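So the structure is just underneath, and the comments pick up after that.
Quick caveat: nothing in here was measured; it's all calculated off a predicted structure.
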Amino acid sequence: MNLKLYMFSTCPYCKKVLREIEASKRTDIEICNIHESEEHRKTLVSVGGKEQVPCLFIDGKPMYESDDIIAWLKAHPQG
């Protein structure tokens, strides 16, 4: 499974998701900061259709909303 989290460091909802990733000790998620990489920002907009973070791409499909992302991560622990 390919997981990429699109975020930026000052976003409180992104911080919430990052805390969950850290607490669960996941290492299978690529972190893509859209304020540090124009390429990441462009990918988020072109694939997801909007510049909204946090956005977890699960095998290329975007999932928005921090609570939904956290619920998905808890339901699908790293194997």
Working for side chain to side chain contact (heavy atoms under 4.5 Å, CB included), residues Cys32 and Thr43: CA-CA 10 Å; Cys32 303; Thr43 299; over 6 Å; no
Contact summary for Asn33 and His35, nearest pair of heavy atoms: OD1-N, 2.8 Å
Minimal non-hydrogen separation, Pro54 against Ile69, with atom names: O-CD1, 3.8 Å
Residues which pass side-chain contact (heavy atoms from CB on, under 4.5 Å) with Lys42, listed by chain and number, not counting sequence neighbours: Glu38
Single-linkage hydrophobic cluster, 4.5 Å side-chain cutoff, Leu73 and Met1 together: yes
Polar side-chain atom of Tyr64 near backbone of Gly48 as donor-acceptor pair, under 3.5 Å: yes
Residues Tyr6, Val47; criterion side chain to side chain contact (heavy atoms under 4.5 Å, CB included); working and verdict: CA-CA 12 Å; Tyr6 287 80; Val47 178; over 6 Å; no
Phe8 with Leu5, same ILVMFWY side-chain cluster at under 4.5 Å: no
Connected via hydrophobic side-chain network under 4.5 Å: Ile58 and Ile70: yes
Closest heavy-atom pair and its distance - His76, Arg26: O-NH1, 2.7 Å
Sub-4.5 Å side-chain heavy-atom contact between Leu56 and Ile29: yes
Side chain Asp59, main chain Asn2, donor-acceptor under 3.5 Å: yes
Let me check something: any side-chain donor-acceptor pairs from residues 11-22 under 3.5 Å, sequence neighbours excluded? List them with distances.
unit_1, atom_1, unit_2, atom_2, d
Lys16, NZ, Asp67, OD1, 2.5

Closest non-hydrogen atom pair between Glu51 and Ile34, with its separation: CG-CD1, 4.0 Å
